[in-house]
Amino acid sequence: MTQHGGLRELGKAYDPAQAEAHWYDFWHSGGYLKPVDRGRGPFVMVMPPPNVTGELHMGHALFTTVEDILTRYKRMNGYAALWLPGADHAGIAGQWVVERELAKEGKTRHDLGRESFVNRVWDWMEAYQERIKGQLRALGASCDWSRYIFTMDPGPAHAVRVAFKHLYDKGLIYRGERMISWCPRCMTALSDLEVVHSQEASFLWTLRYPLSDGSGFIDVATTRPETMLGDTGVAVHPDDERYRDAIGKHVRLPIMDRPIPVVGDDAVDAAFGTGAVKVTPAHDPNDFEIGRRHGLPAIAVMNTDGTMNDEAGPFAGQTILDARANVVDRLREGGTLIATTPHTHSIGRCDRCDSIIEPMISKQWFVNMAPLAKPAIQVVHDGQIRFVPERFTSVYLNWMENVHDWCISRQLWWGHRIPIWYCADCGAVAATSDEFLIACPGCGSRRIEQDPDVLDTWFSSGLWTFSTLGWPEQTEDLRLYYPGHVMETGYDIIFLWVARMIFLGIEFMGVPPFRDVYLHGTVRDANGQRMSKTKGNVLDPLTVTAEYGTDALRFALITASGPGNDLRLSNERVEQQRNFANKLFNATRFALRAIDMAHIGRDSDGAPLQPVASAMSAPDKWIVSRLSHTIVEVTRLTDAYQLHEAGRQLYEFIWSEFCDWYIEAAKVRLYGDSGDSAVPQTLAYVLERTLRLLHPYMPYVTEELWQQLPHPGDALIVAPWPNPGLRYPADEQSFASIMQAIREVRNARTEHGVEPGRKIAAIVYPGQSSSTYAELRSEFQSLARLDPRRYEIRSGEPIATDRAVSIVTGNVSIFLPLADMIDVDAERGRIEREIEQVLGEIERATSMLANQQFVSRAPEAVVAGHRERLESAEERRSLLEKRLGDLG
RNA sequence: GGGCGCGUAGCUCAGCUGGUUAGAGCGCACGGUUCACAUCCGUGAGGUCACUGGUUCGAGUCCAGUCGCGCCCACCA
């Protein structure tokens with residue numbers, strides 16, 4: 001094993017573990033993972049930084065695969081490819097994993113205090129960052145480790161403060177008392193996006209509120225009876241006949257026994273429930289708005305920890321759910337509970353901990369979105385940013401056009417501290433880009449205190465495309481690598497992350513941070529279920545990789561489904577791709593034996609020369625031509641982000657065309673006595689380019705094998721992307737026709753029960769294809785397993801041969817005199833069926849060609865194709881009919 | 001209440017810009033130990049492309065509608 005590529009012993013089967021350990025080091029230590037200017041300018045992709053909360057999962061394996069393919073592809077195409085890795089401190093999720101650890105020791109973060117708790121989280125982050133780096137390497141990620149960066153590193157932290165101050169100074173960040181989503185378990189405010197809504201079964205309770213003047217009552221329907229303790233009004237639709245007279249009157253709130261007004265408001269749906277709504281401005285976003293319109297006070301009856309407060313009177317101290325039950329009981333006893341109806345409605349839960357979210361009025365920091373959204377909509381509208389697949393464009397626009405202000409403060413300890421300081425003396429509020437403020441900028445007082453809250457983790461993520469490059473410093477990296485080209489991530493974080501990178505990129509850098517947004521789907525298990533630890537259906541990338549190899553996992557992931565679609569992964573699927581890697585490995589072993597014995601010419605770069613056309617026979621030209629075709633297709637598909645389809649075509653080309661047909665045909669000349677051939681040259685040429693083509697998709701096995709072959713340069717990872725070579729249409733066709741004939745002979749053999757090993761006689765009337773059959777005589781003989789002494793190629797019209805199976809393929813007649821194995825009647829039946837088929841073909845083609853519309857409107861080539869087809873079908877029919885006549 | 005995706009062989013999915021008789025892998029059936037590979041090779045069976053209508057010379061592919069499944073967004077008590 002040499003440090004610099006070089007020859008390694010190839011075993012009998014591909015051993016991924018050995019190759020992976022060796023080649024990753026080779027790439028890394030060779031400096032190939034850093035961007036190197038090769039004249040085509042930069043290609044930049046910033047990695048979505050994994051949360052440092054644990055192990056990598058299959059979603060990470062998927063994004064690594066896609067991004068690594070794109071990076072390797074661009075690198076081979078001569079771009080200074082920068083794939084910038086990093087990790088995210090994961091705010092609330094990061095805090096939570098450490099809190100859970102503490103819980104095992106019977107402690108809470110409050111037992112430690114803020115400072116030592118944060119230190120504890122840092123310990124976790126440092127340990128797990130190393131793990132995550134190792135896991136990314138194991139997946140073959142060819143990212144630039146010299147630029148690896150963490151969201152809490154000094155650079156990004158400084159960027160966060162500078163960005164905050166800038167937005168604050170510009171009036172785009174403000175502090176206000178608003179209705180926000182509150183998680184009573186995490187004890188923090190959340191943004192709308194961190195609340196997951198789902199339909200859950202519950203009840204609709206109807207409560208009776210008596211009018212204060214004794215003239216009757218109003219029934220209200222609610223899903224949250226416990227909030228009635230904080231009711232400060234009842235709302236009805238102003239046009240609702242039933243309640244029109246009540247507007248302006250008061251009702252007496254049961255239990256709390258206080259008068260609250262009845263108001264008329266358009267927001268009330270007269271058709272729902274009783275048409276009257278209790279109004280709790282402190283605990284419902286709708287009620288908050290209604291209350292504001294009518295000047296109703298907001299009485300908060302809950303604490304931030306999910307219990308009732310003193311305003312809840314007799315229920316103070318109870319949990320919300322207990323209070324609900326008790327309030328309902330109490331109302332029932334008092335006769336004011338009128339009905340309890342089963343009802344499913346939407347419940348919001350915390351994205352992290354699944355607790356039920358409470359809407360609460362709270363003083364928080366917000367980003368004023370309207371001015372930022374405007375240009376972020378524009379750049380997508382005018383095509384500066386493109387989504388792949390395209391359908392996500394409208395998803396993005398729809399969200400951005402209706403975006404609400406973004407609540408960015410979190411009552412957590414772990415994260416970027418809000419860079420705002422309050423002066424105890426003069427009451428000044430000061431934003432700073434420094435880590436600490438010594439004195440109040442207003443009055444010079446030292447009695448200042450920093451806001452205790454931290455920022456939403458996505459605030460720093462939103463700056464990631466430039467904070468990673470040194471911003472706000474005007475670094476060389478920033479100048480060279482901003483804006484980037486592709487942002488690859490999951491469709492589930494379009495709003496959380498992609499949208500925010502776009503408007504923050506525009507705000508701070510003046511131009512959008514990337515051009516193409518490639519979105520991948522979710523990796524599911526074999527049954528289409530989301531993988532989760534509780535379900536126990538998780539496939540761990542490293543376990544799978546250890547068993548089948550990284551290349552196998554990557555290829556399984558990439559070929560499973562296209563961009564934007566979810567995909568199913570199973571061990572069987574990975575195993576299939578392991579087999580593919582092994583197939584390629586063995587094909588190369590085969591080729592190497594032939595190549596080692598031949599003197600293979602090289603071009604000026606060291607790549608094997610294209611074999612001399614005059615020395616090539618049809619199979620050589622066929623495979624070279626097919627390779628050229630595959631290069632064109634894989635290039636086109638990779639450029640179009642159709643990586644799954646590119647992968648499939650590579651699979652087809654390598655397994656079916658190269659291995660099953662070319663190598664099998666090549667053996668005839670290699671092992672035969674035909675003397676010199678272009679086979680070793682062709683093998684070297686085709687294989688070397690094929691490995692280059694496959695390298696982004698299967699980096700390890702290709703590097704391993706390529707190093708064994710004559711090749712240009714030192715490392716496949718930086719070898720030039722192959723240009724399509726020559727096409728040989730005539731040879732492609734002639735070999736394809738021989739392939740078809742071979743298949744038909746094999747078919748006939750199987751149908752007639754000929755033992756696989758037995759060599760049989762054959763008489764071929766090739767007609768116009770005589771030169772093809774003459775040239776490929778040995779290949780045909782060998783692959784169809786014919787007896788050389790009883791294999792004849794005859795000219796002229798086919799002459800009946802008794803007791804023979806007859807095959808008509810193209811315009812060629814083949815007779816297999818199988819004597820006693822032939823049942824004449826069955827043979828006649830078979831031919832009749834074939835004639836029927838051909839007649840159908842003839843009819844279709846004839847009617848199409850008779851159709852004036854078709855002939856005049858369809859493209860020339862399509863019409864010509866049908867003409868040719870008709871011609872050959874006619875010929876085929878006459879051959880078949882003659883044969884039928886001969887059978888008597 | 002809006003929006004999106006999916007429905008193609010028993011299963012999982014391709015089919016990219018509409019153009020022969022719709023493909024792959026797995027599974028199934030039959031048969032194979034020749035010196036690249038049994039992690040393999042050969043042959044085969046299997047599909048009214050969810051349904052209805054339309055556009056077109058031509059539709060799995062484009063349009064409209066229907067049915068079924070899934071997802072996203074939205075402050076309907």
Side-chain angles (χ1 to χ4, degrees), chain A residues 10 12-14 179 181 192 197 204 220-224 227 235 267-269 272-274 276-280 284-289 343 345-346 348 359 389 391-392 394-395 398-399 402 404 491-492 494-495 521-522 526 528 548 552 559-562 564-568 570 572-573 575-594 633 636-637 640 642 644-645 648 651-652 656 659-660 663-664 667 671 743 746-751 753 755-757 785 837 840-841 844-845 848 851-859 861-863 865-866 868-869:
Chain A
L10 293 187
K12 209 173 163 185
Y14 174 54
M179 171 98 13
S181 296
D192 303 344
H197 291 270
L204 190 63
V220 296
T222 181
T223 54
R224 307 213 43 198
T227 63
V268 178
D269 176 2
F272 186 89
T274 61
V277 193
K278 58 191 267 321
V279 182
T280 322
D284 182 279
N286 276 318
D287 294 5
F288 180 74
E289 292 303 322
H343 180 68
H345 67 125
S346 171
R391 65 173 186 270
F392 289 108
S394 59
V395 176
N398 183 49
W399 184 79
N402 298 294
H404 298 321
Y491 63 65
D492 51 337
I494 294 177
F495 311 139
T522 306
Y548 301 104
T559 54
S561 193
N565 295 334
D566 291 355
L567 59 100
R568 298 188 189 197
S570 60
E572 293 70 47
R573 236 191 133 96
E575 187 181 344
Q576 184 191 323
Q577 306 307 344
R578 187 262 325 251
N579 296 351
F580 175 52
N582 188 56
K583 184 76 181 175
L584 178 65
F585 179 86
N586 276 294
T588 306
R589 279 207 310 147
F590 168 83
L592 280 169
R593 289 211 309 211
E633 282 296 286
R636 180 180 69 82
L637 290 163
Q642 302 288 318
H644 64 301
E645 186 59 20
R648 283 188 158 97
Y651 186 98
E652 278 297 303
S656 307
C659 293
D660 289 348
I663 287 184
E664 292 310 314
K667 283 177 184 171
Y671 297 149
R743 282 195 199 101
R746 286 171 174 172
N747 175 340
R749 294 174 57 113
T750 309
E751 300 259 293
E755 303 83 3
R785 297 206 65 79
Q837 243 179 26
E841 223 173 289
R844 269 192 302 277
M848 285 195 87
N851 182 341
Q852 250 341 95
Q853 301 278 18
F854 170 70
V855 176
S856 61
R857 297 196 191 184
V862 175
V863 179
H866 281 276
E868 273 172 40
R869 220 161 299 129

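Chain A is the first sequence line, chain B the second, and so forth, proteins listed ahead of strands; every chain is numbered from 1. Predicted model only: the values in this text are computed from it and were never measured.
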Can you tell me if the side-chain N/O atoms of [X] get under 4.0 Å from OP1 or OP2 in [N]?
{"X": "A/N851", "N": "B/G58", "answer": "no"}
{"X": "A/K12", "N": "B/A36", "answer": "no"}
{"X": "A/H644", "N": "B/G15", "answer": "yes"}
{"X": "A/S561", "N": "B/A14", "answer": "yes"}
{"X": "A/N579", "N": "B/C37", "answer": "no"}
{"X": "A/R568", "N": "B/C13", "answer": "yes"}

Under 4.0 Å, counting only non-hydrogen atoms across every strand here, what does [X] touch: a base, just sugar-phosphate, or nothing?
{"X": "A/R743", "result": "sugar-phosphate"}
{"X": "A/Y14", "result": "nothing"}
{"X": "A/E664", "result": "base"}
{"X": "A/L567", "result": "nothing"}
{"X": "A/E572", "result": "nothing"}
{"X": "A/D660", "result": "sugar-phosphate"}
{"X": "A/V220", "result": "nothing"}
{"X": "A/P859", "result": "base"}
{"X": "A/N565", "result": "sugar-phosphate"}

Can you tell me which nucleotide in [options] comes closest to the side chain of [X]?
{"X": "A/W399", "options": "B/C73, B/G19, B/C13", "result": "B/C73"}
{"X": "A/R785", "options": "B/G19, B/G25, B/U34", "result": "B/U34"}
{"X": "A/E645", "options": "B/C75, B/G15, B/C13", "result": "B/G15"}
{"X": "A/D284", "options": "B/C16, B/C73, B/A77", "result": "B/A77"}
{"X": "A/F495", "options": "B/U12, B/C72, B/G19", "result": "B/C72"}
{"X": "A/N398", "options": "B/U43, B/C73, B/A77", "result": "B/C73"}
{"X": "A/T750", "options": "B/C76, B/G42, B/U39", "result": "B/G42"}
{"X": "A/K583", "options": "B/C73, B/C37, B/C13", "result": "B/C37"}
{"X": "A/N586", "options": "B/G31, B/A36, B/C75", "result": "B/A36"}
{"X": "A/R593", "options": "B/A36, B/U39, B/G19", "result": "B/A36"}

- Message: Using heavy-atom distances to pick each residue's nearest nucleotide on RNA chain B, tell me which of A/A587 and A/R578 is more 5'.
- Response: A/A587

- Message: Let me spell it out: for each of A/Q837 and A/G562, pick the nucleotide of RNA chain B with the closest heavy atom. Which residue's pick is nearer the 5' end?
- Response: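 On the 5' side of the pair lies A/G562.
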
Could you work out the separation of [N] and [M] based on their [atom1] atoms and round it to a whole Å?
{"N": "B/A14", "M": "B/G7", "atom1": "P", "value": "7 Å"}
{"N": "B/G15", "M": "B/C6", "atom1": "P", "value": "10 Å"}
{"N": "B/G60", "M": "B/C51", "atom1": "P", "value": "11 Å"}
{"N": "B/U48", "M": "B/C11", "atom1": "P", "value": "13 Å"}
{"N": "B/U61", "M": "B/C16", "atom1": "P", "value": "11 Å"}
{"N": "B/C41", "M": "B/G58", "atom1": "P", "value": "43 Å"}
{"N": "B/G68", "M": "B/C28", "atom1": "C1'", "value": "28 Å"}
{"N": "B/G31", "M": "B/G19", "atom1": "C1'", "value": "39 Å"}

Complementary nucleotide for [N] - Watson-Crick or wobble, under 3.5 Å:
{"N": "B/U55", "answer": "none"}
{"N": "B/C69", "answer": "B/G5"}
{"N": "B/G18", "answer": "none"}
{"N": "B/G25", "answer": "B/C11"}
{"N": "B/G46", "answer": "none"}

- Query: Can the positive tip of A/K667 be found less than 6.0 Å from the middle of the six-membered ring of A/F590, inside 45° of the ring normal?
  - Reply: yes

- Task: In whole angstrom, give the distance that lies between atom CZ of A/F392 and atom P of B/C71.
- Result: 14 Å

Kindly indicate whether the side chain of [X], heavy atoms from C-beta on, has any atom under 4.5 Å from the side chain of [Y].
{"X": "A/W399", "Y": "A/I494", "answer": "no"}
{"X": "A/K278", "Y": "A/T227", "answer": "yes"}
{"X": "A/C659", "Y": "A/K583", "answer": "yes"}
{"X": "A/H866", "Y": "A/F854", "answer": "yes"}

